[in-house]
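The next block holds one structure in the form of structure tokens; read it before the comments.
Hydrogens, waters and symmetry mates are skipped; everything else that's a heavy atom, side chains included, is used. Sequence lines set the chain letters: A, B, ... in the order given, protein chains first and strands last, and positions in each chain run from 1. Please read these numbers as outputs of a predicted model, since none were measured by experiment.
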Protein chains: 2
Amino acid sequence: MSTGDRPRRPTVSHVAAEAGVSRGTVSRYLNGGHWVSPEAEAAVAAAIRKTGYRINPHARSLATQRTNSVAFLLTETFERLFEDPNFARLMRATSAALAERDVSLVFILAGSPAERRRARDFITQGHVDGVLLVSSHQGEPGLIEEIHRAGVPIIACGVPLGFERKLGWVAADDEAGAREMTAYLRSLGRSRIATIAGPRDTSGGVQRLVGFRSELGDDFDADLVEHGDYSEASGRAAMSALLDRDPTIDAVFAANDLMAAGALAVLAERGISVPERIAVGGFDDAAVATETRPALTTMRQPFDRISQEMVRLLLQVIGGEKPAAITLPTELVVRDSA
Amino acid sequence: MSTGDRPRRPTVSHVAAEAGVSRGTVSRYLNGGHWVSPEAEAAVAAAIRKTGYRINPHARSLATQRTNSVAFLLTETFERLFEDPNFARLMRATSAALAERDVSLVFILAGSPAERRRARDFITQGHVDGVLLVSSHQGEPGLIEEIHRAGVPIIACGVPLGFERKLGWVAADDEAGAREMTAYLRSLGRSRIATIAGPRDTSGGVQRLVGFRSELGDDFDADLVEHGDYSEASGRAAMSALLDRDPTIDAVFAANDLMAAGALAVLAERGISVPERIAVGGFDDAAVATETRPALTTMRQPFDRISQEMVRLLLQVIGGEKPAAITLPTELVVRDSA
DNA sequence: CTGAAAGCGCTTACAG
DNA sequence: CTGAAAGCGCTTACAG
């Protein structure tokens, strides 16, 4: 493998010389081909092919003050990333949406303080044009604040608590979704409906609880609320606690599918039939929703659309527009658990 | 959110003016502080603090012809990434090793032809100084070839079939590990030992089979070999096939833990006791090895060390050294399945 | 130890 | 439509 003797790469100058035009013309060709004659175009194209020219992204970024790449910032740990399938779905959809517009994605995982410091440095240094902020938790107001202050556009996935007005964001309509699920549970004739709520430092966590509560109105019973952290284990723990506390429960709304799966497991262990004795509803429509027994009735989050809108918004803001906030509807998916 | 009016960032010139020194001195300070007097150092440090100066990585890269970042190239799909825990372990360990040396990691997933094309462009364009190639499969000789030809240093994880002599690499000693596991199974008194081998386009897959076979010598029976693709499902399928074909089997060596877990599941379903009637050995010592019932006896791959060595090697090659090939030993971990 | 100057490889008004 | 020239923000011999 040769390294030290890596041959010098061709530059626009080489291409220009080869094509018999100026560097400016080559550059124009490279940037859309406007204002370059058919002849020049052909000559440059041929010269590029012949020389094997590849653009130097650093030189270009230095000149344009643009990097043509954005960060996908996940303030979570490796464990959480591989545990919660929603992250993967967002990553893949975002990645696709970005590829379509030819901007590259830099994936940054910042679960520890040290990683967050590095992430901040990387981002505020100008490595990317903007950031897609994806995290379930409120996370690090400090990090967000610093990135924001450095003038780097941010679009959040979900309502960014504390930054609702400062950042652009796109979120599912958590409150409406929770109301709809709760109403559906009631329509089944259930009257003792419990909920396994999400984390309180998450807008999804609080809004789904708000929706649940407001739909129930006077029937709301604070004793029928347990909080989880969106993990399956927390769903099991919450379901157990709920059952021990009140044996009359006839339905449960879990704030995400992973916790619902945990609840289902506990119910199965205790020999409580679902949906006969207790109906269970989840949120997300994650892959696990079709794998549980019985399959999970849930509220589908439009992850693909969320990702597309995030990308569109971010690119808009990078382009100089003011950031917008977008709320997308969820959809009830009825399966067997309720 | 302000964007269009992003204030101009301070540059070395501003810092130099503020500190009352030349830009060269500021640059020297930024690059290790050699040949700068204590007074100048203090002045520059103060000026940086005061101006809030952040280095412009593109300008630096353009000048140095270095990016100070490397790619973690995974030629797999999203599904595989989230399915096979080995990737996550390598990512996290690599990421840590790189952070220690202050070089950033760009994670690239290239599972489809289109993604591979983009990956190639990105890499050969000069976005990174080198690449850590991580993939179970032989993958894309074309991609590797092009990156290699562009002069970008590559270190592979596992022996890169077809490029053993051209690229640097670090791999676990698959053959020796497989021999050791097989020998261990025999030491338990087992004589009808089957194997669920890995994919044939993987050096790990072939070498583990080679080790298994050579340890068995004349006792090797081609009927007791089934191939899987490292997924749990393939482990189940292989175990079923093996059992249907030969009921005298008293031990199984699976080429990775995921397939071993699949085998264990089938054995449990058929009511075959492990390890009493059939002993099962895996490979990797993945997290799943401690979660199966019974817990899995396996060969531990030194993922942390592999990652560290990959990073060390790559940085060496980037620094101009010739690439080396490193083979690391595996370790037998005895649990309950054998 | 330090400064002046050239150079890294692009892009972009500007004048034509 | 095209070229000459300045500029993006660093680093690095070189001379002192």
Side-chain angles (χ1 to χ4, degrees), chain A residues 6-45 47-48 51-69 121 124-129 150-151, chain B residues 6-45 47-48 51-69 121 124-129 150-151:
Chain A
R6 206 186 293 187
R8 208 160 206 62
R9 283 169 54 176
T11 71
V12 278
S13 298
H14 297 125
V15 175
E18 181 68 37
V21 300
S22 73
R23 306 188 302 156
T25 297
V26 173
S27 181
R28 269 173 234 119
Y29 169 89
L30 257 16
N31 293 284
H34 301 305
W35 291 313
V36 5
S37 64
E39 302 79 56
E41 187 178 324
V44 173
I48 287 178
T51 56
Y53 173 77
R54 324 244 33 213
I55 206 166
N56 178 321
H58 301 109
R60 167 178 273 184
S61 288
L62 180 57
T64 60
Q65 309 281 55
R66 276 293 180 74
T67 68
N68 209 31
S69 70
D121 288 348
T124 58
Q125 237 173 148
H127 274 285
V128 294
D129 297 330
Chain B
R6 206 185 292 190
R8 210 162 204 60
R9 284 170 52 175
T11 70
V12 280
S13 297
H14 298 124
V15 175
E18 181 68 34
V21 300
S22 73
R23 305 188 303 157
T25 298
V26 173
S27 181
R28 271 173 233 120
Y29 170 89
L30 257 16
N31 292 284
H34 301 306
W35 290 311
V36 8
S37 64
E39 302 79 58
E41 186 177 325
V44 173
I48 287 177
T51 57
Y53 172 76
R54 324 243 35 211
I55 206 167
N56 178 320
H58 301 109
R60 169 178 271 185
S61 289
L62 180 56
T64 60
Q65 309 281 55
R66 276 294 180 70
T67 68
N68 211 32
S69 71
D121 288 346
T124 59
Q125 236 174 148
H127 275 286
V128 294
D129 296 332

- prompt: Taking only residues two or more places apart in sequence or in another chain, which ones pass side-chain contact (heavy atoms from CB on, under 4.5 Å) with A:Ala17?
  reply: none

message: Within residues 54-61 of chain B, which residues have any heavy atom lying less than 4.0 Å from an atom of DNA chain D?
response: B:Arg54, B:Ile55, B:Asn56, B:Ala59, B:Arg60

- prompt: Looking at DNA chain C, which of residues 16-25 of chain B put a heavy atom within less than 4.0 Å of it?
  reply: B:Val21, B:Ser22, B:Arg23, B:Thr25

message: So, using ring-ring contact (aromatic ring centres under 6.0 Å, His included) as the criterion, who are the partners of A:His127 when residues are at least two apart?
response: A:Phe122

query: Considering all heavy atoms of both residues, which atom of A:Ala40 and which atom of A:Thr25 are nearest to each other, and what is their separation?
result: CB-CG2, 4.2 Å

field: B:Thr64 OG1 to A:His58 NE2 distance, which is reported to the nearest 0.5 Å
entry: 8.5 Å

query: So which heavy atom on B:Arg23 is nearest to which on B:Ser13, and how close?
result: CD-OG, 3.1 Å

- request: Could you check if a side-chain atom of A:Gln125 sits within less than 4.5 angstrom of a side-chain atom of B:Asn56, using non-hydrogen atoms only?
  value: no

query: Listed by chain and number, what are the side chain to side chain donor-acceptor pair (under 3.5 Å) partners of A:Ser61, not counting sequence neighbours?
result: none

message: Using heavy-atom distances to pick each residue's nearest nucleotide on DNA chain C, tell me which of B:Ala40 and A:Pro10 is more 5'.
response: B:Ala40

Intra- and inter-strand pairs of DNA chain D in dot-bracket (Watson-Crick or G-U wobble, both distances under 3.5 Å; | for another strand): |||.||||||||.|||

statement: What one should report as the nearest heavy-atom pair of A:Ala59 and B:Leu62 is CB-CD1, 3.7 Å

field: Pairing residues for A:Asn68 by the side-chain contact (heavy atoms from CB on, under 4.5 Å) criterion, not counting sequence neighbours
entry: A:Val103

- line: Rounded to the nearest 0.5 angstrom, the CG-CZ distance for A:Asp121 and B:Arg54 is 4.5 Å

task: Determine the Euclidean distance between corresponding C1' atoms of D:dT12 and D:dG16; express it in Å to zero decimal places.
output: 16 Å

task: Check side chain to side chain donor-acceptor pair (under 3.5 Å) between A:Arg60 and all other residues, then give those that pass, not counting sequence neighbours.
output: A:Asn31

field: Partners passing side-chain contact (heavy atoms from CB on, under 4.5 Å) against A:Thr51 (at least two apart in sequence or in another chain)
entry: A:Pro10, A:Val15, A:Glu18, A:Tyr53

- request: With a 4.0 angstrom cut-off to heavy atoms of chain B, pull out the first and last contacting nucleotide of DNA chain D, in 5'-to-3' order.
  value: D:dG9 to D:dA13

Any side-chain heavy-atom pair of B:Val21 and B:Val44 under 4.5 Å: yes

message: I want to check something: taking the side chain as every heavy atom from C-beta on, are A:Val12 and A:Leu30 in contact at a cut-off of under 4.5 Å?
response: yes

- line: Residues at least two apart in sequence or cross-chain that pass salt bridge (charged side-chain N to carboxylate O under 4.0 Å, His left out) with B:Arg66, listed by chain then number, are none

- prompt: What residues in residues 27-39 of chain B put a non-hydrogen atom under 4.0 Å from any atom of DNA chain D?
  reply: B:Ser27, B:Arg28, B:Asn31

